[in-house]
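Right, one structure below, let's go through it.
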Amino acid sequence: MGIIVQKYGGTSVDGPERIKNVAARVCRSVDEGHQVVVVVSAQGDTTDSLLEMAQAISTRPPKRELDMLLATGEQISIALLAMAIDTLGYKAISLTGAQGGIMTDEQHTKAKIRKVNAERITAELERGSIVIVAGFQGVTPGNDITTLGRGGSDTTAVAVAAALDAEICEIYTDVTGVYSADPRIVPEARLLPQVGYDEMLELASLGALILQPRAVEVAAIYGVPLHVRSSFTESPGTIVREVEDMEKARSVTGVAYDDNCAQITIIGVPEPVNILRLVFAALAREGINVDMIVKTSGGESTTTLSFTVQRSDLDAALEIIHHLNGADQWEITANEDVAKVSIVGAGMMTNPGVAAAMFDVLADEGVPVELVTTSEIKVSCLVPRNRLREAVTACHSRFCLSDAE
Ligand code: ASP
Ligand code: MG
């Protein structure tokens, strides 16, 4: 049997009992004959607490120093887990991102993994150790510590699995798998036994919050199968892999939502100004992601541009826009009371009328739709935040997602 990578999230290692439980699970996989690499997150809400500590000192902490601070959370987890495994009589060694060869670019707080130099990990495995790697962190070519963005431990795990050509990357979390909708909103949501990479990428990017989207991207590129499951139960979970012959009878697989968005609208831009290029180039330079975009003619030879960003990027985005050439002539407004509801399904490609059915059900519910975007396998609508639950529930029932295939 080959190498498996197991990733345990923050809730799974929150406290000594849970760490011991993880240690037992890891050792069980060793008993089954696997070589095991474990990637862990910081315990519980440690990362949030560290961020608060920084905020108490400075409203704009230098990003390099923020990374130095945030990386300590995962370092606690790896050391404690190695100790817990040691008490069970198994050999284990903890490695920071840098020691584990997680090489990143220099974008502090949002770094991307460029390469995993897996020599050290491989050597430790060969020595018979369980190797525990700190998630969420890496190191630049200049030897500075970086972090990979919130939820980044998933990406660490997948990147390590790809570098080691692991059989599977198991993602242990506090939910039992990927559901057709968030079960907290839609109690009758169904556990999906398997999901394709494309669908998972859409679901993850749309706020399913189970996997970091970047992790799914890396898994798809390297063909690493993912197994999303609970660290607290034996529930079978969800397998994420390439599903070519997937039955396309079902046009929609799941409903996702994102209530961490904000809408910016710019009105009265004189026509000769290329507002798209101007705004989005400026935002891109600051690393701000833009999502839904609509540009319309506002009449009187002016243009209106409306788009969404993550709520946490709103203030920074507004500041950038207000400083653009000519901005003093525009009317710039922001709306934080919006949320995005999306339907996702690879079967959409072959079944027409899916978007129409979504608009239909939202209209029946009296939910106004502000912006729409689509891809081959998803339709997203921006709706008022206080109507989000109704919108998700209505879509879930319209596409009969609680029925088994
Ligand atoms: N500890 C980091 C976070 O809270 C990374 C992770 O959990 O994946 O975002
Ligand atoms: Mg996570």
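Both ligands and their constituent atoms are indexed starting at 1 by order of listing. Every value quoted in this text rests on a predicted model; they were computed, and no experiment measured them.
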Ligand 1 atoms in contact with Gly151 (distance to a heavy atom under 4.0 Å):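 Counting from 1, the qualifying ligand atoms are 3 (C), 5 (C), 6 (C), 8 (O), 9 (O).
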
List the atom of Ala159, the atom of Ile113, and the distance in Å for their closest heavy-atom pair.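 The answer is CB-CD1, 3.7 Å.
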
Thr265 side chain vs Ser306 backbone, donor-acceptor pair below 3.5 Å: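 No: the side chain of Thr265 does not pair with the backbone of Ser306.
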
Checking side chain to side chain donor-acceptor pair (under 3.5 Å) between Glu170 and each of Arg25, Lys7, Gln6, which is the one that passes?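 It is Gln6; the other options fail the test.
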
Decide whether an N or O pair under 3.5 Å exists between Ser41 and ligand 1.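 Yes, Ser41 has an N/O under 3.5 Å of an N/O on ligand 1.
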
Out of Arg150, Gln137, Gln212, Lys7, who gets a non-hydrogen atom closest to atom 9 (O) of ligand 1?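 Answer by nearest heavy atom: Arg150.
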
Is a donor from one side chain sitting under 3.5 angstrom from an acceptor on the other, for Ser230 and Ser235?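 Their side chains do not contain a donor-acceptor pair, so the 3.5 Å distance test is not met.
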
Could you check whether any heavy atom of Gly152 sits closer than 4.0 Å to an atom of ligand 1, since that is the contact criterion I want to use?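 Heavy atoms of Gly152 do come under 4.0 Å of ligand 1.
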
